[in-house]
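One structure is given below, encoded as structure tokens.
Values below: every heavy atom of this structure, side chains too, minus hydrogens, waters and symmetry copies. Within every chain, numbering begins at 1; the chains are lettered A, B, ... in the order of the sequence lines, protein sequences first and strands thereafter.
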Number of protein chains: 2
Amino acid sequence: MSAGPDNAPAAREATRLLNSDLAANVEFLAARARAMGSAKANAALAEFGLRVRTYSVLSLACQGLEPTQRELADFLSLDPSQIVPLIDELENQKLVRRRPDPRDRRLKVLVATAKGEKLNAAAASAVASATAEALDSLTAEESETLRSLLWKVAFTKEERDSARQILEAVS
Amino acid sequence: MSAGPDNAPAAREATRLLNSDLAANVEFLAARARAMGSAKANAALAEFGLRVRTYSVLSLACQGLEPTQRELADFLSLDPSQIVPLIDELENQKLVRRRPDPRDRRLKVLVATAKGEKLNAAAASAVASATAEALDSLTAEESETLRSLLWKVAFTKEERDSARQILEAVS
DNA sequence: TATTGTTATACTCTATAACTATA
DNA sequence: TATAGTTATAGAGTATAACAATA
């Protein structure tokens, strides 16, 4: 508690707050890391007229999986009502198309147009660069460790098992 | 591509989207992990009348560091104008107090009240439980690894070095 | 002239409820 | 009756610009 009067200039060096309980909090660190990362990603996507949200939807539309809007909502942890304007935006730009499912006329599956596929490829490359930049404090091995740990946190065991089974069934 | 018509029931198992490029994206995983974590944290904080944002400010006020509003903004990656209503909210509940700095009358440092200290201790415990729950797919060692990797990503090398120097100067 | 805290404003994100059309 | 997509709405988060007081 010997915080002498001398070390309190105008800015006071906000970094001294790094020595706080909060700075040791995993959730705080994750929030801050994500804020930095998504700012970089959004900046990289701006030149393509995309944001993280719309890019995520476009990317999923470009996998040949033909997801329904409900699936997109579940997977992106969004409410179904939030998906609607995101798809509207992409559809207005002719990047994706809602295709009614004749077997269940309630369903609309999302498919990418050729234009959408092309833009997605370019955007994916820009996102990869932005991610690499955001992780430049980490070695390649550390980045991979981070990815696998986040994978475990982001999905329940049931979800991970289910995804693995689906993958095995396809191959 | 042998996605037979049989495996497409109503819900279509959104987990099949886990086999997508997006699901391998670190930023997407971080966003999803954080969404799950902050939902849990906000739920845990609700009984104390706090949210992640206000808890973060209260927590920093309870460290005896007497941060200025500008420091809080820098550290929490918020605009100074966003800090104002957060402190207003805490001050209205008598949890913190803005104290003018007589040496520079532009500055207002944030100090916690006794009531604030007490609430913070209880809230910190609830947040720790919520975090443990969010990370329950990880071993203790993995959690610690995740924390140290996020630490490196969340702060620049300069910030980490600066914080270390300040810590050493105090001891 | 620069900085701190503040007000104002707008846009995005998040969450909820209710409606429609299909099943 | 249950589900998919949609509309509407409100609150929280994010970002910017401009202002008064002070340095």
Polar side-chain contact B:T68-C:dT4 base: donor and acceptor under 3.5 Å: no
Of the listed nucleotides D:dA23, D:dT6, C:dT12, the one nearest the side chain of A:R51: C:dT12
Side-chain ion pair, A:E159 and A:R164, N-O less than 4.0 Å: no
B:S81, nearest nucleotide to its side chain (from C:dG5, C:dT6, D:dT3): C:dT6
Side chain A:R105 and base C:dT22 donor-acceptor under 3.5 Å: no
Whichever of B:L86 and A:P80 has its nearest DNA chain D nucleotide further upstream toward 5': A:P80
side-chain contact (heavy atoms from CB on, under 4.5 Å), paired with B:F48, selected from B:T54, B:L95, B:L119, B:L58: B:L119
Nucleotide nearest B:R106 when distance is taken to its side chain, options C:dA23, D:dG5, C:dT3: C:dT3
DNA chain D: 5'-proximal contact among A:R34 and A:D79 (nearest heavy atom): A:D79
Gap between atoms CZ and C1', on B:R103 and D:dA21 respectively (whole Å): 19 Å
D:dT6 phosphate, OP1 or OP2, under 4.0 Å from A:Q69 side-chain N/O: yes
A:R32 CZ to D:dG13 C1', straight-line distance once rounded to whole Å: 17 Å
SB check A:E91 A:R98 (cutoff 4.0 Å): yes
Base C:dG5 to side chain B:R98, donor-acceptor N/O within 3.5 Å cut-off: no
Separation of atom CD in B:Q82 from atom C1' in C:dA10, rounded to whole Å: 13 Å
Residues, nucleotides or ligands: over 12 heavy atoms within 6.0 Å of A:E141 CD: no
